[in-house]
Amino acid sequence: MRPSDTLDVNAYLDGELGPEEAAQIEARLEDDPEALAQLETFARQKDDVAYALASISAKTPPNLKTARLERRLANALYNRTRPDRGTVLAPVLRGAVQLAAACAFVAVGWWGHANWTPPTQGVPEYVSEAVGAHQVFAEDLDRPAEFTPASIDSATEWFSTKIGVPVAAPDLGRYELTLVGARLLGTKEGPLAQFIYEGDGGARYSLTLARHPDDRPLSPLQVVDYPGRSVGYWSTPNLDFALVGSSDRPELQDIVTTLASNI
Amino acid sequence: MEARAQLERRLSEYVTSLRRYALVLTRDRDAAEDLVQETLTKAIAAADSWQPGSDMRVWLFRILHNTHVSDRRRARVREDAKLMIPEPVEDTDPTRRIELQQVLDALEQLPEAQRLPIVLVALKEMSYAEAARTLDVPLGTFYSRLGRGREALRKIVGGMKTTKLKLVV
């Protein structure tokens with residue numbers, strides 16, 4: 001057997017060949033018992049080496065310093081995966097987000113002026129945007145949301161990328177609320193994920209999540225009333241939350257209390 | 001926090017593989033752990049240079065390999081590092097255990113240039129391109145070293161079996 005044949009058999013064994021090259025090797029192996037035997041030997045040896053090496057480290061006791069370094073590296077690398085808002089987005093995407101932000105902001109602003117004046121001084125901007133978005137989108141029963149429940153997993157993945165931290169739609173089944181849709185909104189504060197829930201009677205709630213700015217303090221859970229609806233909002237080191245619902249304040253308070261203590 | 005948890009799981013798997021590779025390189029458990037820690041420390045310092053989406057495993061293996069090479073240069077160790085297998089592998093079947101030990105003994109007899117390609121491909125099923133980048137050698141060089149190494153391994157193991165049979169008879 002020529003040396004190049006040996007190399008080809010190795011490349012075949014390790015899955016390094018394309019379909020056509022692999023087919024050529026397979027055709028040759030059918031007529032070449034020596035090459036077939038070599039392939040089988042190499043395959044067995046590869047398995048043996050892998051198995052033996054795997055067994056070595058299984059005996060290694062945990063090392064606290066290594067574990068600590070591993071965590072620090074995980075932190076450093078995780079920070080690398082968090083997009084820096086405004087600099088990571090490609091120019092085309094940035095333009096699209098800015099356009100969406102402008103549209104949403106105009107829409108929300110128009111609705112805002114028409115319907116309410118923020119009742120409480122000092123309410124974070126994202127809360128007002130969440131209420132506006134709730135009116136514009138969550139209470140529109142005819143138009144489907146941007147993402148349906150069936151595509152919620154891929155939607156949250158996309159939301160997470162855009163917002164820069166992982167987001168997810170909590171299960172509100174214990175309050176007999178079903179997730180009916182989700183959308184991503186562009187605002188001047190940055191991207192905002194909106195999850196829309198519906199109760200048995202058709203009442204809509206929307207949970208809005210935005211990245212918590214590093215330079216702003218955390219908000220403890222607070223509930224405020226807007227005309228015809230109540231809003232519960234709070235923040236974690238990564239995310240700002242706002243749940244907007246009907247004016248049934250006790251029910252909303254119950255939900256946000258549970259959510260804030262579990263997220 | 002799923003993305004964070006996923007990254008931690010991947011990193012933990014890679015560190016286990018790094019430790020195995022470090023054992024092969026250093027022949028000593030303490031030295032291997034030191035090498036892994038030095039690798040992680042360098043990786044933390046160089047985290048800004050890591051491109052999200054690129055292969056973290058190859059990046060880490062490459063740091064470890066280069067660290068080992070420079071450590072050896074500093075220590076002026078001229079002898080070729082031999083494979084260190086602390087204890088026979090865990091396997092309840094004695095025949096299987098002997099077979100595996102034979103393969104490892106045979107691996108120990110190979111020159112490092114041939115041994116490391118075999119180990120890297122077996123360790124974590126790296127692609128040839130990834131393993132070549134880890135060892136900092138051209139793909140063609142890696143390719144031929146792997147082929148020669150496996151062929152030599154086959155002959156050594158075959159020789160061991162023949163000797164053993166003669167002894168038994």
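The sequence lines fix the lettering, A, B, ..., with proteins before strands; numbering per chain opens at 1. Atom set for the values below is all heavy atoms of this structure, side chains included, hydrogens, waters and symmetry mates excluded. Just so you know, these numbers come straight off a predicted model, no measurement behind them.
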Chemist: Below 4.5 Å from any heavy atom of chain A, which atoms of B:L18 appear? Answer side chain, backbone, both or neither.
Modeler: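 For B:L18, neither part sits under 4.5 Å from chain A.
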
Chemist: Among A:D14, A:V49, A:D47, single out the residue with the greatest number of heavy-atom pairs under 4.5 Å to chain B.
Modeler: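 Option with the top pair count is A:D14.
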
Chemist: Are any of the side-chain nitrogens in B:E8 or B:R4 under 4.0 Å away from the carboxylate oxygens of its partner?
Modeler: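 Yes, charged N to carboxylate O under 4.0 Å.
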
Chemist: Is the closest side-chain donor-acceptor distance between A:Y12 and A:E26 under 3.5 Å?
Modeler: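 There is such a pair (donor and acceptor under 3.5 Å, judged by atom type) between the side chains of A:Y12 and A:E26.
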
Chemist: Who wins among A:R72, A:R71, A:R68 for the most heavy-atom pairs under 4.5 Å with chain B?
Modeler: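 The residue among A:R72, A:R71, A:R68 with the greatest pair count is A:R72.
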
Chemist: Would you tell me whether B:Q37 and A:T66 have side-chain atoms, one donor and one acceptor, within less than 3.5 Å of each other?
Modeler: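 Side chains of B:Q37 and A:T66: pair found under 3.5 Å.
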
Chemist: Where does A:L13 contact chain B at under 4.5 Å (heavy atoms): side chain, backbone, both or neither?
Modeler: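 Answer is side chain: those atoms of A:L13 sit under 4.5 Å from chain B.
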
Chemist: In terms of heavy-atom proximity below 4.5 Å to chain A, should B:L7 be classed as side chain, backbone, both, or neither?
Modeler: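 For B:L7, the side chain is the part near chain A, not the backbone.
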
Chemist: Non-hydrogen atoms of chain B under 4.5 Å away: do they reach the side chain of A:E70, the backbone, both or neither?
Modeler: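 Both the backbone and the side chain of A:E70 come within 4.5 Å of chain B.
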
Chemist: Once you measure the plane-to-plane angle for A:F195 and A:F159, does it fall in the parallel (<30°), tilted (30-60°) or perpendicular (>60°) bin?
Modeler: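 Ring orientation, 0 to 90° scale: tilted.
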
Chemist: Would B:R10 and B:E13 pass as an ion pair if we require N to O under 4.0 Å?
Modeler: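 Salt bridge: no.
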
Chemist: With respect to chain A, which residue among B:T41, B:I118, B:L40 yields the maximal number of heavy-atom pairs within a distance under 4.5 Å?
Modeler: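 Sorted descending by pairs with chain A, the first entry is B:L40.
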
Chemist: State, without any angle test, whether B:Y21 and B:T134 hold a side-chain donor-acceptor pair at a distance under 3.5 Å.
Modeler: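 There is no such pair between these side chains.
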
Chemist: Report which part of A:T41 has an atom under 4.5 Å of a heavy atom belonging to chain B: side chain, backbone, both, or neither.
Modeler: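 Just its side chain gets close to chain B.
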
